[in-house]
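Here is the structure we will look at, set down as structure tokens.
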Amino acid sequence: MDVRAQIVMVFNLDKCIGCHTCSISCKNIWTDRKGAEYMWWNNVETKPGVGYPRQWEDQERFKGGWVVDGKKLKLKAMGKGPTLANMFFQPNMPKIEDYYEPFDFDYGNLAGAKESKDQPVAEAFSQISGKKIEEIQGGPNWDDDLSGSQVYAAKDLNLKDKKVIESYDSMFMQYLPRICNHCLNPACVASCPSRALYKRGEDGIVLVDQEVCKGWRFCTSACPYKKVYFNWSTGKAEKCIFCYPRVEGGQCNACAHSCVGRIRYVGVLLYDADAVEAAALKGDAELVEAHRDVILDPRDPEVCRQAKENGISDQWLDAAAASPVYALVKEFRVALPLHPEFRTLPMAYYIPSLSPVLSTWGDTHKLLEHGMIPALETLRVPIGYLASLLSGGNHAVIEEALKKLIAIRVRMRAENLGLPADPELLADAGLDEAAAKRLYRLFTIAGYNERNVIPPQQREENDPEKRRQEGGFGILKKTRRGGK
Ligand code: SF4
Ligand code: SF4
């Protein structure tokens, strides 16, 4: 057992209101620069929809992530041949039109235009070429709130039954906020021929060393979440840095801090680096359970002993024991990894959205007690859709999580309205009273310090440069250079 600490974010999809405040706070701090105009390290997509960059989930086209090759993992787009051939051209990388051509408006023209019979307008111009844009063709959230859904939502690869979008009566919608997942088995790190990308030993944050990056862009191709970007001005790769200057001081990320819906939780997980490769090799349907198996119990004395041997401080162990992330991911099993089938073991987790009260307009769906909350089998958001997003297609994993959310909702509604509650409902969902209360508190009124348990770094006790010199850990030792 090789115990490591990872700082992790959980998103409660039930509560995201799609306000994009998180994206704007990130943009203002980190990517409001030349060459980074089109980058959204944090973005929020409408689902069903194509996302940003468009159809990033399509690995047949973009060839990101890992595939199982016999008993080994292999980067989907890499191998000896393609590595050499792609040194100067990445054929699978998204093009600027897959993101969008970044634009601004010439507001000076409103006051400075020559006299004319027409009203002056602020024309759009490209932030890359400076040329006028006649017609804007895209933006980072172009299909926001299902705009153009017959075109965009229909192209969502997770939506197998296209019939649901043919009628607004059966249509559903949710938001999907995304950052870099700071994966345990990061394809970006493994693909970099210059070793510019690295996973920090002390907290698992994945970073690009700007001094070392040569701009080969293998990382952009290899990341299946398309969360490494190429800065066209500096010629280097850039990505979400998990706000490490804030996190090192014990503060949560700007996106989480500014989140209007208070949907985000940040905390520490302990995991076994020796178990990462075996977990990534599991079949699609077993991957969520494999993720959970890699995560270690921070209250287990043997785990704590080995963690200390690996240089993890008492402060970090205390934070791991109080981690809201551990409670949501491992203890209560309601937070799930995004597209685990990409096999990078993403360290951002999502609580699936619970559908609205009506499953479809005018239907006769089954309602649980008090006639307000639909039963699992009649939820409006198809279970198969959520399974495609969050469980490698495993319906049982989604049903287990949703059953808990429904039971808590019914239980707490009954309590707040003084109605009788079905005593079996919580037990059927695998919860007891105390667990339901704890989860309810986390989902609703938990304050900043409950939602974010972030220990500050103790630089005097850590030597991240030494860890980096060691060449990473776990599977990264073997795969940093494209599987060689
Ligand atoms: S999501 Fe994972 S593979 Fe992609 S950039 Fe982040 S750490 Fe790398
Ligand atoms: S700030 Fe929070 S609620 Fe608003 S879009 Fe971002 S994640 Fe969703």
Side-chain angles (χ1 to χ4, degrees), residues 6-28 39-47 53 56-57 59 62-66 73 75-78 94 140-141 144-145 174-192 196-200 203-208 213 217-230 237-242 252-266 276 280 337-340 342-351 353 451 472 475-476 479-480:
Q6 172 79 37
I7 191 98
V8 177
M9 194 179 286
V10 168
F11 303 75
N12 187 349
L13 294 183
D14 224 15
K15 294 176 70 186
C16 179
I17 56 173
C19 62
H20 302 276
T21 310
C22 47
S23 306
I24 297 299
S25 45
C26 175
K27 182 105 201 130
N28 281 339
M39 292 181 203
W40 293 84
W41 290 358
N42 179 110
N43 74 298
V44 182
E45 297 169 9
T46 297
K47 286 287 187 187
W56 61 269
E57 290 155 298
Q59 304 314 334
F62 292 121
K63 305 213 182 318
W66 300 87
L73 286 173
L75 287 169
K76 195 170 171 87
M78 306 267 294
N141 54 334
D144 208 16
D145 294 346
Q174 64 177 49
Y175 297 105
L176 181 70
R178 298 202 300 121
I179 60 171
C180 161
N181 300 290
H182 299 276
C183 308
L184 293 189
N185 183 28
C188 58
V189 176
S191 70
C192 178
L197 279 125
Y198 62 103
K199 187 167 178 65
R200 296 209 306 190
D203 54 17
I205 294 175
V206 174
L207 296 172
V208 186
C213 177
R217 292 172 280 180
F218 283 103
C219 50
T220 311
S221 286
C223 170
Y225 300 92
K226 291 295 162 266
K227 280 293 172 187
V228 194
Y229 305 86
F230 181 69
E238 291 183 12
K239 63 179 286 302
C240 158
I241 57 172
F242 208 81
C252 82
N253 326 51
C255 56
H257 202 133
S258 65
C259 176
V260 175
R262 309 210 306 184
I263 80 155
R264 300 181 184 222
Y265 306 81
V266 183
V276 168
L338 180 63
H339 286 300
F342 297 162
R343 293 186 160 71
T344 60
L345 275 83
M347 284 292 111
Y349 286 83
Y350 293 82
I351 300 171
S353 49
R451 284 180 283 117
I475 186 173
L476 293 181
T479 57
R480 288 189 69 112

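Just so it is clear, the values below take in all heavy atoms, side chains as well, and ignore hydrogens, waters and symmetry mates. This structure is a prediction, so every number in the text was calculated from the model and none was measured. Just so you know, ligand 1 is whichever comes first in the structure, and atom 1 is the first atom listed for that ligand.
Annotation: cation-pi pair Arg178/Trp56 present, NZ/CZ under 6.0 Å from the ring centroid and within 45° of its normal. Judged by a 6.0 Å distance limit and a 45° cone about the ring axis, Arg217 is positioned over the six-membered ring of Phe230. Under the 6.0 Å distance and 45° angle rule, Lys76 does not count as a cation-pi partner of Trp66.
Lys47 and Glu57 are joined by a salt bridge, as a carboxylate oxygen and a charged side-chain nitrogen come within less than 4.0 angstrom of each other.
Near Val44, meaning under 4.0 Å from one of its heavy atoms, ligand 2 places the atoms 5 (S). Ligand 2 places these atoms under 4.0 Å from at least one heavy atom of Ile263: 7 (S). Those atoms of ligand 1 with a heavy atom of Val228 less than 4.0 angstrom away are 5 (S). Which parts of ligand 2 touch His20 is read off a 4.0 Å heavy-atom cut-off, strictly below it: atoms 4 (Fe), 5 (S). Residue Val260 has at least one heavy-atom neighbour below 4.0 Å for each of these atoms of ligand 2: 1 (S), 2 (Fe).
Looking at heavy atoms from C-beta onward, Cys240 lies in side-chain contact with His182 at the 4.5 angstrom threshold. By the 4.5 Å heavy-atom criterion applied to side chains, Cys192 and Phe218 are not counted as neighbours. Put simply, the side chain of Tyr350 reaches to within 4.5 Å of the side chain of Leu176, judged on heavy atoms. Within the 4.5 Å cutoff, the side chain of Val266 has heavy atoms near those of the Phe242 side chain.
For atom 2 (Fe) of ligand 1, the nearby protein N/O/S atoms, meaning those under 2.8 Å, are Cys183 SG.
At a 4.0 Å heavy-atom cut-off, ligand 2 touches Ile17 through backbone and side chain alike.
In terms of modelled atom types and a separation under 3.5 Å, the side chain of Lys199 and the main chain of Cys183 share a donor-acceptor contact.
The single protein non-hydrogen atom nearest to atom 6 (Fe) of ligand 2 is Cys22 SG, 2.3 Å, given as residue, atom name and distance. Closest protein heavy atom to atom 4 (Fe) of ligand 2: Cys19 SG, 2.2 Å. Among all non-hydrogen protein atoms, the one lying nearest atom 2 (Fe) of ligand 2 is Cys259 SG, 2.4 Å.
The nearest N, O or S atom of Cys16 is not closer to atom 2 (Fe) of ligand 2 than 2.8 Å.
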Q: Evaluate the criterion side chain to side chain contact (heavy atoms under 4.5 Å, CB included) for residue pair Asn141 and Asn43; output intermediate values, then yes/no.
A: CA-CA 8 Å; Asn141 54 334; Asn43 74 298; over 6 Å; no

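Distances shorter than 4.0 angstrom occur between a heavy atom of Arg264 and an atom of ligand 2.
A centroid separation of less than 6.0 Å is found between the aromatic rings of Phe342 and Tyr225.
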